[in-house]
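Each remark here refers to the structure printed beneath this line.
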Amino acid sequence: MNPSIKLLLLFIIALEISFTTIISLNVALIVLAIAYLLIHHTKLRTIGWLLIVPLLPAIGLWSTQYINGSGNKTLMAWVLFSRIYTFVFTGATFTLTTNILQLADSLEQNWHLPAKFAYGVLAAYNLVPKIQHEVKIIRAAGLMRGQQLSFWSPKLYFKAVLVSINWSQNLAQAMVSHGFVEDAPRTHFRHCPLVWQDWAIFTVSIILMQVGAFLLPWH
Amino acid sequence: MANIALKNLTYTYPEAQAPTLNHVQLTFKAHQFTLLTGPSGTGKSTLLKLMTGLLNLPSDQGTISYDGQPLSQIDPTMRAGQVALMFQNPNQQFAMDTVENELIFALENRRVQPDKIAEKITTALAFVEISNLRSRELNQLSGGEKQKVALAVIVAMDSDVILLDEPFASVDPAARTSLLKRLVQLRDDAGKTIILADHDLTDYATIVDQVVRITADRQLTTMPTADWPNLFAAFAKTNHSDQLWPLPTEPQTPLFRFNQLGLKQGQHELLRTTDLMLLQHHNTLITGPNGSGKSTLFESLVRLTTYDGQITYLNNDIKTLRRKRYARQVALLFQDAETQFLNITVAEELAQSKKYAYGNYFTSTRIALAMTQLNLTGHEDQVIYTLSEGQKKKLQILLMLIMQSPVLLMDEPLKGLDLKSVRALVSLLKSTIAVTKQTLIIISHQLTGLTPLIDYHLRFDHQQLTYREAIE
Amino acid sequence: MKWAKAWRLSDIILIALIGIFFGAIFMGTNYVYDVLTAALAPVGLSGLANELLLGLWCMPGMLAGYVLRLKGSATLGELLAATVEMFFGGQWGISTLISGVTQGFGAELGYIVTRYKHYDWLGLTASVLTTTLVTFGWDLARNGYFKLQLWLLILYFVVRFCSMFLFGGVLTRLITDMLDRSHVLKSTHTNN
């Protein structure tokens, strides 16, 4: 499915379940999402991991409503518990089957997002491992000068911004040197089609979602 | 084909007092290989960025023209076909994740038709002899491999003029030789114009057509061919020393002990399993070609990178030591001076080092004296980021000396310094450690002025780390 | 696309990098969140963990708005940070994106009401206030806060405002002070 249409669909679903309080609908979405993941050969270990990671926040939300809520406390507790999992699994159907390059291609080719946004973010994204290492270096440099840099130390962020400024200029120059010109047309080697089937799946899904949210007597 | 004419070129950075380039006049002839030389930080990068259009030349500050056409009038979309630049730092020169995707990105930018792209990539990779790297992730490549990819991108874009800014700084000798061979081939067979900036002059004597130097008054002069032998010989001397060092005997308590230590960079083996000791209260020099893994060794000593095997510090496995305490014992002088700074002004930095110092050798008087020795007096209230590269380096070393950590690892401490600064620094280092008994472990290419400080010499080459008596 | 024209490639990379850098630093606070959540769950107050740390996550937007004085930079800064987080180990999926937009727009609103003219205490304080309001409004629905008892709702709101003020306001201000004093922002970009 076209990445940006898929993202739009999941975005709307995530928004809508934030405003509905139907446990069965959440569960149905989770089941559908897991089925989709299995069809796309997601490892069982990954799915298991997705079940464990949100557990703590889910319990937190559950207990907050169960203890300090108002009205139908139990219902709201389970709504929020299942909502967290709905976010996680519907989100995973996107992040585990689509990479950032495919999304960038789609946004550039189907929606005419200026290439400087698509490739600027890609360039930064590809530096993630270097960035994680650099944070370690900044912290180590602080310790070697006798200063522990914690997440509340302005110096830590100041240094991070300095490095960012430096790297952003280097990267932009490197991209220009590789022929990139802002706001100039480019050709596209990877073709990202947006076809009527994408729109059909999108429309049907949205309709089904409304049926689930408003028409089905879940209780 | 392109003759490049620089006419009356002057460039001053917004924050700087003096121009980086001052009324430069020169013509680079088409199809020639020019070596652009001069000490680090004298404007080579600035010149190359101006020639690529990455820095904008104000219109009243001279002209750069390709075959009579001013660069400012060449359409930006045509520039990459005219001229491309390969950067010194291989780490921030790619936008994409894999080798192939980076080439695709560049060719799409050049508006190559999609059905021609794959073939162009195949040809370019084959030319640089890295077809096997096609689908590899750029983050996993060695410095030499990354620069080969950078050249392949330029080859695929078919730029007429190829500029290279100290491209071999982190490239191993084999890759360097291979890259130089390709560049010569590009000049001879494809008629490319090549301008390469380097302060390391090894191997160029028989390759280049022209040697251009940046002079002290920030202008360019072409060196007469008759002067070349002197230039190349003088350079060879700075990287050489006739001094012999003893091989160490086994100490009671080694400072560091490597047990089955192995180092890797991505899939690339840097150090084969090694057992070795480093000695306390003795200064060790580590030499070896670029890209051999010297900096990675330092990173593993301060626990900034992973390694196989075990490293002990005074008989304790360094992984078991508290980070905070260990950082006060073993400090690293980073290659890039800015990494070490935490504050804004010179005075703030000095105050911080003094406050957290491990010992009290550096009193205010001694600091003032050292500032004079290093010619930094009067800069106390200056913002560090506006200092020259040389001043930053000297300040950085002073800051780490003031800290007085028992062990100081120094990664290329003399890089970019003139001989006068080197002498002042070495004398400061000598007088300080004579009292503080610190241990220095130094990675350095440049040996002039440094050798009196050294007790032992380690060679890091061909994935091996061994004590040697002589520098070869 | 007149709005897009004002953005240079290096601006875009810069705010994306700032977002990723800050995200990498915040990863180190996950243990604080986990411990607090677990400790407070039995009394039904685990939301406090989120409230206490939320200010941190809103910093990239506020800072992006300050560093790059372009319309939309706060929103885009936070959105780009969220996009990268979504792909890189973020388990919260699309809701990360929605949070990113609300946090970024909240921060942006502060700069909007001060008409993109106050890159000082006033602009940041306005930003702190609007971010608190917008994100809290969103959590009324998303985290079911509208069902909470009033005292808890007020407590959460106050804690959130304090967190925003401390991290988004005071800490961001300290960072921007250092940036101003070091003269490194000279080369970056403003729209007038």
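A note on names: the letters A, B, ... follow the listed sequences, proteins ahead of strands, and every chain is numbered from 1. What you see below is based on every heavy atom in this structure, not just the backbone, and it leaves out hydrogens, waters and symmetry mates.
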- Message: Looking only at heavy atoms and a cut-off of under 4.5 Å, which of B:V330, B:N91, B:T52 has the most pairs with chain A?
- Response: B:N91

- Task: Just give me the residue among B:M78, B:K324, B:R110, B:Q113 that pairs up with chain A most often, heavy atom to heavy atom, under 4.5 Å.
- Result: B:K324

- Considering all heavy atoms, the nearest A:S177-B:A80 contact: O-CB, 4.4 Å

- Query: Relative to chain B, which segment of A:Q173 carries a heavy atom at a distance below 4.5 Å: side chain, backbone, both, or neither?
  - Reply: both

- Message: Could you measure the distance from the CZ atom of B:R325 to the CG atom of A:L143? Nearest 0.5 Å is fine.
- Response: 13.0 Å

- Heavy-atom closest contact (B:N109 atom, A:G179 atom, distance): CB-O, 3.1 Å

- Between the NZ atom in A:K155 and the CG atom in B:N343, the distance rounded to the nearest 0.5 Å is 4.0 Å

- Message: Using heavy-atom distances under 4.5 Å, tell me whether A:L162 contacts chain B through its side chain, its backbone, both, or neither.
- Response: side chain

- Query: Can you check whether B:E299 reaches A:H133 side chain to side chain, under 4.5 Å on heavy atoms?
  - Reply: yes

- Query: Can you say whether B:E338 sits under 4.5 Å from chain A via the side chain, the backbone, both, or neither, judging by heavy atoms?
  - Reply: both

- Query: Between B:I344 and chain A, which part of the residue has a heavy atom less than 4.5 Å away: side chain, backbone, both or neither?
  - Reply: side chain

- Going from OG1 on B:T339 to CE on A:M144, what distance comes out if it is rounded to the nearest 0.5 angstrom? 11.0 Å

- Query: Using the ring of each side chain (for Trp, its six-membered ring), is B:Y385 parallel, tilted or perpendicular to A:F158, with breaks at 30° and 60°?
  - Reply: perpendicular

- Report yes if the side chains of B:R79 and A:V181 come closer than 4.5 Å at any heavy-atom pair, otherwise no. no

- Task: Could you check if a side-chain atom of A:L101 sits within less than 4.5 angstrom of a side-chain atom of B:M96, using non-hydrogen atoms only?
- Result: yes

- Message: Please rank B:F94, B:Y356, B:F334 by heavy-atom pairs under 4.5 Å with chain A and give me the top one.
- Response: B:Y356

- Item | More than 12 heavy atoms of other groups within 6.0 Å of B:K120 NZ | no

- Item | Validation row: A:R190, B:N101 side chains within 4.5 angstrom (heavy atoms) | yes

- More than 12 heavy atoms from other groups under 6.0 Å of CG on B:N360: no

- Message: Taking NE2 in A:H40 as the centre, count heavy atoms belonging to other residues, nucleotides or ligands within less than 6.0 Å. Is the count above 12?
- Response: yes

- Message: Do A:K130 and B:Q92 have side chains that approach each other closer than 4.5 Å (heavy atoms only, starting at C-beta)?
- Response: no

- Query: With a 4.5 Å limit on heavy-atom distance, are the side chains of B:L138 and A:N126 in contact?
  - Reply: no

- What distance separates A:E182 CD from B:T77 OG1, expressed to the nearest 0.5 Å? 13.5 Å

- Query: From A:F189 CZ over to B:K116 NZ, what is the distance, rounded to the nearest 0.5 angstrom?
  - Reply: 13.5 Å

- Distance col, row A:H178:NE2 vs B:M86:CE, nearest 0.5 angstrom, shows 9.0 Å

- Contact origin within A:I100 toward chain B - heavy atom pairs under 4.5 Å: neither

- Message: Tell me which of these, A:A172, A:A140, A:G146, has more heavy-atom pairs under 4.5 Å with chain B than the rest.
- Response: A:G146

- Item | Proximity breakdown for B:K49 and chain A, heavy-atom pairs closer than 4.5 Å | side chain

- Could you tell me whether the side chain of A:K159 and the main chain of B:F341 form a donor-acceptor pair under 3.5 Å? yes

- Message: Tell me which of these, B:I117, B:L399, B:I154, B:L342, has more heavy-atom pairs under 4.5 Å with chain A than the rest.
- Response: B:L342

- Query: Do B:R111 and A:P185 come within less than 4.5 Å of each other through their side chains, counting heavy atoms only?
  - Reply: yes

- Message: What part of A:L127 gets within 4.5 angstrom of chain B, counting heavy atoms only: side chain, backbone, both, or neither?
- Response: side chain

- Query: Does any non-hydrogen side-chain atom of B:S353 lie less than 4.5 Å from one of A:R145?
  - Reply: yes

- Between B:L163, B:V302, B:I402, B:L332, which has the largest tally of heavy atom pairs under 4.5 Å with chain A? B:L332

